[in-house]
Amino acid sequence: MKVFKFGGASVKDAAGVRNLTAILQTYKTEKLIVVVSAMGKTTNALERLTDAFYFQTANLASILEEIKKFHFSIARDLFAESKHPFFDELHNTFVELDWAIDGTPQHSYDQEYDQIVSLGEVLATKIISAYLNEQGINTKWWDVRDFICTDNTFREGKVDWTLTEDKIRTFLLPFFDYASEQVILLQGFLGVTSENFTTTLGREGSDYTAAIMAYCTDAESVTIWKDVPGVLNADPKWFDETKLIDHLSYQDAIELAYYGATVIHPKTIKPLQNKNIPLYVRSFLNPAEKGTLISNQQSALPVPCFIFKVKQILISISPKDFSFIVEENMSAIFRLFASHGVRINTMQNSAISFSLCIDDNERKIPDLVKALQEDYRVLYNDALELITIRYYDQATIDRVCIGKKILLEVKSRYTVQLVVKDL
Ligand code: ASP
Ligand code: MG
């Protein structure tokens, strides 16, 4: 059995759904678990809907209307017949969304967010499942919340692996043995708490869902279908000349994802590595191409890999009492970063100062800085870029630093990180 994941860009319109269907047609003899994300930019729209609901703003109805229109227009394109029974089902799913935004908010922002935003994946899978069945691909729509159990950390649900694996082994695995369905279609990104509230696994979390399903079913492989040919050595958004990497070790993949390569969600690799399940990253536009294979085979990458992160801040911290930055200060500083939910992208320390590069986040940074200022002098520099080069050499460093001033440079054997400012 194989696990496939299709992201929002692959199903952003009716043509995308047809393309997904054509890809699945070529796997007719296989049992598949297919994980799908919300269509196109639906998650962003649902985030705006959450804001409008939570803060009770006047644009609530118009955002809802926009989301309805988008999905109904895709459905109308796919199901030409306007009396098609699927339209009732689609309508009912929107009733669920109406309920989620009915009245006034009763829970925390994050909890309300998950109840609302999760409907994007539900809508996408309902449409796709109905279409696949109509096209002769025997598909079972299944609610992934029957399987993936998490704690109560809304918007960043932590998976309860024991419970999740148990449910998948008890209910999902046997299904393939007796059912005539070839495909089980599931929503990416979602989980459920023990009190039956929906959680989400963090933005772009559907890759992780695919990895969870593969881990718990001992799948043969996972394939993430993308709008790029595979893993490239740089993001085409920033670089004209990019190279496709045919093969990547789990370790390199996790390093690249951790530093911010957006091609795979960073949490995806660990479950796959733990069970030695190969991960393919392939193009849904050119499904005949091989793409990239990520596996346990070690091999140094043939080319340097670049990862750019924009909107970075460099914070420099020094103790007000001029004491050294030693273990005690460091652990107090780390605790503050952790309690504010701020991840450190790179750092460097000297005797009395400690510099940390983090993502700019208007919600979290001002509070963090205020907390730090109690014991430390805090300086910061914003609008920076963090460039990570794995398998670097001096020539590539020089090339990417043209027109930039380097504020911080951290080098290890394989990786260099540069925090830079435009000159
Ligand atoms: N739809 C969710 C998001 O856009 C999850 C995903 O796409 O992986 O963040
Ligand atoms: Mg998405």
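We use all heavy atoms of the structure for the numbers below, so side chains are in, but hydrogens, waters and symmetry mates are not. Whatever order the structure lists them in is the order used to number ligands and atoms, beginning at 1.
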Set of residues satisfying ring-ring contact (aromatic ring centres under 6.0 Å, His included) with respect to H247, sequence neighbours excluded: none
In plain terms, say whether E385 and K311 are close enough for a salt bridge, that is, a side-chain N and a carboxylate O under 4.0 Å apart. no
Is there a heavy atom in G205 that sits closer than 4.0 Å to ligand 1? yes
Do K126's NZ or CZ and the ring of W141 fall within the cation-pi criteria of under 6.0 Å and 45°? yes
Short version for S206: what comes under 4.0 Å of ligand 1, heavy atoms counted, is both
Which ligand 1 atoms, with their elements, are less than 4.0 angstrom from a heavy-atom of [X]?
X    : result
R203 : 3 (C), 4 (O), 9 (O)
T43  : 1 (N), 2 (C), 3 (C), 4 (O)
S37  : 6 (C), 7 (O), 8 (O)

Pick out which of F284, F4, Y280 makes a ring pair (Phe, Tyr, Trp, His ring centres under 6.0 Å) with W225. F4
Is the shortest N/O to N/O distance between E121 and ligand 1 below 3.5 Å? yes
When only distance counts, is K5 in polar contact with ligand 1, meaning an N/O pair under 3.5 Å? no
Quick one: which residue pairs count as a side chain to side chain donor-acceptor pair (under 3.5 Å) with a foot in residues 355-364, not counting sequence neighbours? K309-D359, Q312-D359, S316-S355, N345-D359
Short side-chain donor-acceptor distance under 3.5 Å, E134 and H84: yes
